[in-house]
Amino acid sequence: MKLVRHGASGDERPGLIDARGGLRDLSGLVRDWAGPALARETLERIRALDPASLPLLPPETRLGPCVGATRNFIAIGLNYADHAAEIGAEIPAEPIVFNKAPSCIAGPNDRVILPKGSAKTDWEVELAIVIGARASYVHANEALSYVAGLCLCNDLSEREYQLERGGTWTKGKGCPTFGPLGPWLVTLDEIPDLKDMAMWLDVNGARMQTGSTATMIFDVPQIVAYLSHFMMLEPGDVITTGTPPDVGMGRKPQRFLKNGDVVTLGIAGLGEQRQEVLAFDDWTAKVAAGEPTH
Ligand code: ZN
């Protein structure tokens, strides 16, 4: 299934995408794609419905982040062998783990706001895991049973905050709008091979990143199992799993996002995102003028 959340920011309702690509409403049948609703039983109940029996919504309906009420938004760093080689980093012996603030989560096509004064905001196309059941000390061979599904994530990053301001990477990873999730939360039965998913990212139509989950160092089951030894993973938690080569920081010359840029990205089977980049001052001016901000 391809699960979605639709409607105005902060007031999203649950839905799904039918076999013909139509957006169907699940209001009243599921409270939200959040927390306990992500349990296997709920997913099976919705799977048994005939999508044609559900209200069809206009295609222009805004999609919100495909999971709601996320309490832990965790990220894995340097998890692609070709990306590590590109920047001359050693293959990590254990996953590098950092936090993204849950308040940075945004819809897949919402605007990305550059932080105040930012000069080094960068992109990262990533596969993200959405947890469906409470996971603590699980083994890799059972880890997928704790996963509700996967989604596309742009792990936006302010490199100065991340790398030049001391301390951990977290400072550069959680600014508002730095975590677009979606368009869909895709259940695992729709993924033919977790280790063969093509991924790409363009800026203003020019290809920047091309990669595949084939070069992931720690795979989805290993990551869920590993993290579950350090924290309780709960339904609705999101783990974004690292990026392939050719982020802006790694290019020669370096290329960072600026006002007016358009970022598009996708992963095979998980859909596509499109974000317009807006400088902080332009965004505050739009807010002051009462214009829509996403
Ligand atoms: Zn990342």
Side-chain angles (χ1 to χ4, degrees), residues 65 67 70 72-92 94-106 108 112 114-115 118 120-131 150-165 167-182 194 197-203 208-220 222-224 226-227 237-251 254-257 263-267 270 273 275 277:
V67 57
T70 297
N72 290 304
F73 190 4
I74 312 295
I76 308 298
L78 284 181
N79 195 33
Y80 279 75
D82 41 357
H83 177 48
E86 168 195 47
I87 62 169
E90 283 187 35
I91 302 283
E94 298 198 30
I96 294 169
V97 175
F98 61 90
N99 285 88
K100 286 180 76 73
S103 56
C104 82
I105 292 173
V112 164
L114 299 177
S118 164
K120 295 188 178 179
T121 295
D122 202 348
W123 56 82
E124 296 190 348
V125 58
E126 300 198 6
L127 171 82
I129 303 163
V130 179
I131 297 295
L150 305 175
C151 68
L152 175 61
C153 172
N154 188 354
D155 177 19
L156 288 143
S157 307
E158 217 294 346
R159 302 301 186 191
E160 183 202 339
Y161 300 176
Q162 178 190 351
L163 301 169
E164 301 171 31
R165 303 290 291 271
T168 73
W169 292 2
T170 295
K171 290 177 190 173
K173 294 287 192 168
C175 304
T177 73
F178 270 23
L181 296 178
L194 281 168
M197 300 172 75
M199 52 214 297
W200 57 272
L201 182 145
D202 291 352
V203 178
M208 296 290 157
Q209 291 188 277
T210 307
S212 165
T213 56
T215 62
M216 277 177 89
I217 297 167
F218 301 102
D219 66 14
V220 169
Q222 287 172 322
I223 288 168
V224 172
Y226 184 83
L227 280 177
D237 286 355
V238 175
I239 307 161
T240 191
T241 61
T243 198
D246 286 321
V247 296
M249 175 178 65
R251 301 181 73 82
Q254 292 185 328
R255 163 74 160 95
F256 296 112
L257 294 172
V263 183
T264 47
L265 57 149
I267 298 181
L270 301 185
Q273 301 184 349
Q275 293 121 22
V277 176

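What you see below is based on every heavy atom in this structure, not just the backbone, and it leaves out hydrogens, waters and symmetry mates. Remember, it's 1-based here, ligands and their atoms both numbered in the order they're listed.
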So which of E164, Q254, E158 actually passes side chain to side chain donor-acceptor pair (under 3.5 Å) with K120?
-> E164
List the steps, then state whether side chain to side chain donor-acceptor pair (under 3.5 Å) holds for T240 with D155.
-> CA-CA 8 Å; T240 191; D155 177 19; 5.6 Å; no
Do you know which of R255, R159, K173 makes salt bridge (Lys or Arg N to Asp or Glu O under 4.0 Å) with D122?
-> R159
Can N154 and Q275 be said to form a side chain to side chain donor-acceptor pair (under 3.5 Å), step by step?
-> CA-CA 10 Å; N154 188 354; Q275 293 121 22; 3.0 Å; yes
Determine which of the N, O or S atoms in E124 is closest to the Zn ion (ligand 1) and give its atom name.
-> OE1
Nearest to the Zn ion (ligand 1) - the N/O/S atom of E126, by atom name | OE2
For the Zn ion (ligand 1), find the closest N/O/S atom belonging to D155 and write down its atom name.
-> OD2
